[in-house]
Amino acid sequence: MLTINHFLALSAILFVIGVVGVLTRRNVIVIMMCIELMLNAVNLTFISFAYYLGDMTGHVFVFMVMAVAAAEAAVGLAIVMALFRNRETVDVDRVSLLKH
Amino acid sequence: MLGLENIWLVPILPLIGAIVNGLFGKFMSKSSVTLWAVGSTGLSFFIAVIAFLNLLSLDARDRVFEKILFTWIQAGSFTAQAGIQIDPLSAIFLLIVTGVGFLIHVYSIGYMSHEEGYARYFAYLNLFMFSMLLLILGNNFLLMFIGWEGVGLCSYLLIGYYYEKDSASNAGKKAFVMNRIGDFGFLLAIMWIFWTFGSIDYTTVFPSASQVLPAGGFAVTGITLLLFLGATGKSAQIPLYTWLPDAMEGPTPVSALIHAATMVTAGVYMVTRCNALFNLAPTSMIVVALIGAATALFAATMGLYQNDIKRVLAYSTVSQLGYMFLACGVGAYVAAVFHVMTHAFFKACLFLGSGSVIHGMSGEQDMRQMGGLKSKMPITHMTMLISALAISGIPIFAGFFSKDEILLSAFLGHTKGNLVYWILATVAAAVTAFYMFRLYYMTFSGELRAEDQHVRDHVHESPNVMTVPLIILAFGAAFAGFLGLPIIEGGHALNNFLGPVFHTPGAPEHPHASLGLELFLMGFSVSVAVLGILVARHFYYVRPEAATEMAAKGGFIKTVYTTLQNKYYIDEIYDVVIVKPVVSFSRSFLWKIFDVKIVDGFVNSIASFVTDLSSLLRKSQTGMVRNYALAMALGGVFFVGLWILALGN
Amino acid sequence: MASIPVPDISLGAIAPEITLALTAVVALMLEVFAEKKGRDHIAYISLVGVIVACFITFRLAGDPSWTTFSGLYVVDRFGQFFKLICLLGTGMTILVSVKYNKDEGIDNGEYYALLLFATSGMLFMVSGSDMITIFMGLEVMSISLYALAGYTRKRARSNEASVKYFILGSLSTAFLLYGIALIYGSTGSTQIDIIAKAVSSGSGVEAVLDLGIVMLMIGFAFKVSAVPFHMWTPDVYQGAPTPVTAFMSAGPKAAAFAAFFRVFNVAFPSLQADWWVIIWILAVATMTVGNVIALLQNDVKRMLAYSSIAHAGYILVGFVAGGALGSSAIMYYMLVYTFMNIGAFAIVTVVGRKGEEKTKFSDFTGLGYRYPLMAVALVIFLFSLAGIPPTAGFVGKFYIFMAALKHGYVYLAVIGVVNSVISIFYYLRLSVMMYMQDEPGEDLPPLVFAPSLIAVMIVAIYGSLWLGIMPAGYISFAQSAFLAL
Amino acid sequence: MDSIPILSLLTFLPLAGALLILFIDKNNKGLIRGAAFTTTVIVFLMSVPLYFYFENTYEMQFVEKHEWIPAWGVYYSLGIDGISLFLVLLTTLITAICVASTWTAIDKHIKEFMISMLILETGMIGVFCALDFFLFYVLWEVMLIPMYLMIGIWGGQRRIYAAVKFFLFTMFGSVLMLVAILWLYFHLHELTGQYSFDILSYHGLKIDPSAQFWLFLAFFMAFAIKVPMFPFHTWLPDAHVQAPTAGSVILAGILLKMGTYGFLRFSLPIFPEAAADAVWWISSLAVIGIIYGALVAMVQEDVKKLVAYSSVSHLGFVMLGIFAMNTQAIEGGMLQMINHGISTGALFLIVGVLYERRHTRLISEYGGVSKKMPIFAVIFMIVTLSSIGLPGLNGFVGEFLILLGVWKANPLFAVLATTGVIWAAVYMLWMFQRVMLGKITNPKNEKLTDLSLREIAYFTPLIVFIFVLGVFPTPFIKKMEPSINHLVEQTRTSVVVQIENEKTADGKMAIAIKPPVDKTSADDGEG
Amino acid sequence: MELLIFYMFAIVSVAFAIFMIVARKPVSSAISLIGVMFCLAVFYVLLNAHLIAALQILVYAGAIMVLFLFVIMLLNLREKQGAISYHRTALQLAGVAVFCALLVPFMSMVTIPGTSGGAGVSADFGTTAGVGKLLYTDFLLPFEIASILLLAALVGAVALTKLKMK
């Protein structure tokens, strides 16, 4: 019997993978992809809750998250472009002028 | 007009003199300075005499006059009036102070004529007169305390008169601090008295003393011992006497006035004034008598081998003050006051005489440089001889009567151990006679030993302005004793006059001795004194080289000699035992370690702890974005865990 | 075809946001037509937009509160007050930017448009009574800020700031969103008053709800830069163009606090007994870490960044206290903070000169005598930040600690005041530099004070000083505007 | 008199002066100095009538009360009683003298200096007049800023360290007090149902003794640091030594009094039980302070540091007096505050005179100065004597009354404290000797010039007060007595109640103060 | 049947996700992410969210990920030369395991009363009409805000990448 718990567990796992990706990858673009993965995981949560609650707010929310994800991707990639132009790198560990 | 009503003028006049000379003396001519200074003192003496006569004219029981000028301090139930009180005791002191004071002012005109700070000197001197008179005339303890500290201040200022000399300023400071130690006791005593009696007025405290305080109780013993601590400071008794010999750094008239005739007797005045309290405290009386007797002998021995003419006199003063306290301690207050009076004459005379000698010797104070001044300074010689005889206790001279009365009282006294005091005092009398005549012979007989040709050429008798006071004082030293003729019953004028003051409850009975015993004791003390004189004559007149030979021999005698010359090393002992440890404890522990390292260090270490923490925490800000993300994740885990584990609803 | 019901819409309620958005569009269009030189008018037109929005907001600030957009948007005095703070911050930032942007060559319409978009996002966020409004507002604000932080894109530091801000910001958004999702799941709604009902009736799914609340808290804590979610702040504040830093430290923070406060006090008041502990810990950690690290900073911008972390801590104290007094204290504090902090950053832009070369502490040496008025102004801001009377910062802190004590948080208040003592040290350091160090030998070209900067300084001084001396009106305003529950 | 807001005028006139100076060109030094001096003199002259119009009751007088922050119950309310009257007068006097003393001593940034000075005066007068906790606290901290600037800008070598230390240290104490004030504020609400910062409404408030302890501690920290009491004194030597002369004078003369004033105005009447419990501790600290301050002062090599440590000693007396909690001791404490303001102020001015001429404060650099500066020597001597409490001068009366009162409370403390009299003589005279007496050994001292007329002029009022207060202290005591009696009564009644409670509770006495049983203390209550 | 589909796609999506974070090349990561997204679309269908499933493919996989790939290609990025760091991979897997252990248990606690299995959903649940109606009525405001958001993002992206700085 497929329950909401299956979906929630799956989305939790995907979310965690996204978090771990953010924490371990050095490539900005990959990090951004990890964040996308996290957002996707959240979307899955929303949709499953919406389904099991019988309430479409979750769908609206996911719709908005997609818009946000698109916007973030646009700005984020623009930032990466600018970074690359300045530094010739997308390695976040090398982006540490500002510290202490 | 000049009755007792105006007695307040007596202290005020010198104060005016002091203010005028203090503020404007620099801009005034020498003669007007003199006029203000000496004039005010003279006027004050004049009023004092009239007041005294007025007092005499009153019935013996009514001889207390009190006048409140204004309320000085009033705080809650505490009141200290600025009021004047005169009774026979203060009247005697009043006369001594104004009289001797006036003479010394006159003498100073001559002695100080070449000094730079002439006006300053007289301002201080007048201020001293004011303080001393306030001390005597004040109607309560606090006013006495003002005068008490005031005279201490003037003593400080005058000792340090030659402030460019380190020894002078050191001596001044020493005097002040030693006095302060005494004042510490006095101040506490005043507080204790206030909280016991609810007042500090003499007229309230003394009459009710025997009712309020149980005789021999803790309170009265404590109060009197604290008062006596004050007295030991001011009157240079063991253990606070060391300042007085050093005080000789001041100009000689100052030594005569302050450190011989008046200020140092303030302690005696205080003890006699508080006789009502002391009588209730037998233990304190023993302490007073013992300290007095011990000081009398101890100081006398230190005077034996001093070569500075003024130092000899200084130790002699300490010793004589010891006699006075001995008298107080055995309850012979009249004898004490009597001795104060005679001592004022002969000691002032001796000091002024020595001043005259010093003046004549162009400032030389070392007796080894003197000799043979008999012919060159005849008046000085005569007056000093009379005074030396007086202090040695040779009959008909003043000192004989007063000292004899003390010895007699000691012998007969009710106080425990009175015979011990008598022996100490008698030995001291012999020693006194010896060193006084040692001084006399070294100064006046033989040949002039001065090495400096300039000094030799300029030895001269002092001007009249200096010799006249000498003569007057010598006259007093010779004849003042007749005020207290002991033998003629009823002839003891002083006793009759002062009697009412000392007839307080608990006062010891006046000792009665048979005429024979009295005469025997008299004879004994005189012969002891004569012995002392003869020994001195042997060593310093007949065979002047004998003393040096003996000293040169070495061994025990030499040790005694150097010990005496170094005053038993008491100053050095004080220095090593008290002064140095306190200073180095304060400097190397309290300041450099406790204050800087511990108190301040604690505060600074808090600051450095915070900054250390800061630099540690700063390191967490690595600049690595992934570390930041990790921190966020861990923070999240922490809070989730906290919520679930600790708070879970 | 099913008819679509007419939605419950009141455009008047979102008129300020609309105004801002339209002004932003105008700014974008003006950019197209603007000359190379003399393009200050973009800034001033943006400013006019902000002022108009201010007026509208002010007019909307009446009793009682009402909701619109099907309960997604609420108009109440609490929100309007915070909106005014955000608008104030934006207005002042625009003034600070004029001269700076010209020096930096970034004086174009996009910049102001982004500022205005961000502001409109804040306003939505402040008034949002549904998670979705709050989330969208937050994202509008954040995305604009990511771009603004990296606006001087040629500069490595600015670039780095935006990278860091972006990565961490997105991460926090993900957390926030996950929190919202879980709360939604366990209560069945995203509207905060419905959530409140579900939570208080206990019909929610507790474990997941709790997890959601914590996740949500992480998201907000990030935005208000509370420790340990603060680490982006110093780097971003230091790297971003100074006017943007000034902007970020005021409006977005105020908006985030408003939303944070609203969500927690409207949606989860019944769990207050639990979450106050977390906020308490956040408050203490934030104050302490912010202040302690700020002690040893050598760059003024970075110091101010840490100081802003610390200030978030003080505001969290008011948050913990809660209630009418707590919320009005936060409001007053945010208002004051906007004045003094932007004032301080304004001076940093002046002293920093072209290209922000001079933002070190040592660059302030001797300024007290060369530019006395400016130095006095900075000292006022610093003392206000430090909370020393008679500045507004003092009244603000007083207010906050008053609220804390009213509800019995004595330890929190004690920790707070001790922290404010620590903070004095680094604020004083700057005054030490200006007044007490010998002047440097090197000759630098004189500082340039544009009229716009003078205007912003006057406003800031007014706020930092007058609000401290005569705070009565503002306080009663804040107290009347507390979050009605 | 009632119709004129005299206290507001006094408080804000200096501020107006500061504003005026703000608009004077900074190079017009004469005008700046003149404006500042005129302002302070006017303020002083305006403050003098306070003394004459002051009625001998304990009620607050010249009261002004206006709404300030109604939402919190904060009022702008000023008023003075016998305790604050003299501190206000002292402030106005000392400030005027300070301005006069800086005529040549301050030669850079004069404008800033004078503005700081005037703002400081506003703060100081305000603190003593404030009857509202909020107002009090605001002004209490406002003063820190100009003082901080004065030390930091015009100070000596380590001025920054000293200034920051001063600021942080005193701030630390005051913020704890702030928390306590706020706590009290809500407690007042609990007890009476009203929100008020009115200081007087806190007097005699029955606060739970266990809470009192913490509150008292918080207030104690603020005031003890300000005083400064023994272990909290460490900021003082640094601040004093580094501050410019006028700063030191103000610091010693007035700022330190704020601590002791705080104890009288707040700690005793608001927390009588806690204060009574603390008597032993505070008195011990005070006695330690007296002796410790004196001993450390004795061995200082820097004149200013010596005077600074002597303040620790003198303020120890004041604290001892205040915590003897009887009329004499508190009156003595009040007098001692005034006296310390005058004498230590004068001492710092004296050090300033020397420093201005020789630019060193090391005692070893001097010696024999009397020879070159006779007038100075006289003034120095008088001030020294005043400082060591010579009877007839001001120092004595206060010290004596303190000791008298302390004797009643606890003779042991009185005995120990009285040794302070000896130590004072030791360190002051030793210092005087090393600086002024002896031969001139340092050739640099040969060029010393005596006091100028201006310098004499600003010393004169101090010297006059040294004598006046020493000889005629009663008029001053009379003015303060009603207030102090009232204070003692307030303190005592609650303590008596507490003692009775404790007696019934566990049958033992835990209080250091005796209830009024004997005749004399009953008198005290009535004055 | 549903359960089987779920498990199948769940395993696949997790595998893609893990490969995304361990992959050496950004392009591989991107491709993996697209894979995850396709799987998610399947779940959306399972959950009756047809519109969202479509958008998932169109917007995410179609638009956003293409953008990513485009940038990756544009910048010609590659991670440091060398094989997959097994050390890092182990770390990543361990991290995933730990965090999952912390997080997943929560999800098993969720119970939705009464509606298990989503039996009671209405006919237009998840359809374009259903969601669209909501968007234009109750959720009009966020929809409008989204327009501002996209405009802001556009402006931001342009501002950050314009070649010239004046």
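Bear in mind the structure is a predicted one, so any value in this text is a computation, not a measurement. Only this structure's heavy atoms are used, side chains among them; waters, hydrogens and symmetry mates stay out. Quick note on labels: first sequence line is chain A, next is B, and so on, each numbered from 1.
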Fill in: Greatest number of heavy atom pairs closer than 4.5 Å to chain B - which of D:T419, D:L390, D:L404
D:L404

Item to complete: Find the distance between CH2 (B:W72) and CD1 (B:I68) and round it off to the nearest 0.5 Å.
Response: 14.0 Å

Response to the item:
Heaviest contributor of heavy-atom pairs below 4.5 Å to chain B, chosen from D:I477, D:T418, D:I484, is D:T418

Worksheet entry | Closest-packed option against chain B by number of heavy-atom pairs under 4.5 Å, given D:L385, D:V426, D:L403 | D:L403

Worksheet item: Highest number of heavy-atom pairs under 4.5 Å with chain B: which of D:I330, D:V296, D:V406?
Response: D:V296

Worksheet item: Among B:I181, B:L226, B:D183, which residue forms the greatest number of heavy-atom pairs with chain D at distances under 4.5 Å?
Response: B:I181

Item to complete: List the steps, then state whether side-chain contact (heavy atoms from CB on, under 4.5 Å) holds for B:I606 with B:F602.
Response: CA-CA 6 Å; B:I606 287 178; B:F602 177 70; 3.8 Å; yes

Item to complete: Go through D:Y309, D:F432, D:F230 and name the one with the most non-hydrogen pairs under 4.5 angstrom from chain B.
Response: D:Y309

Worksheet item: What residue, out of D:H233, D:E301, D:K371, has the most heavy-atom pairs lying under 4.5 Å from chain B?
Response: D:K371

Practice prompt. Enter the distance from B:M144:CE to B:I190:CD1 here, rounded to the nearest 0.5 Å.
Written response: 8.0 Å

Worksheet, complete the sentence: Taken to the nearest 0.5 Å, the spacing of B:L127 CG from B:L153 CG works out to 6.5 Å

Fill in: Parallel, tilted or perpendicular, as decided by the 30° and 60° cut-offs, for the rings of D:W407 and B:W192
tilted

Worksheet item: Using a cut-off of under 4.5 Å for heavy-atom pairs, which of B:K165, B:R120, B:E164, B:E149 has the most such pairs with chain D?
Response: B:E164

Worksheet item: Would a distance-only check, ignoring hydrogens and angles, find a side-chain to backbone donor-acceptor pair under 3.5 Å from B:T224 to B:V220?
Response: yes

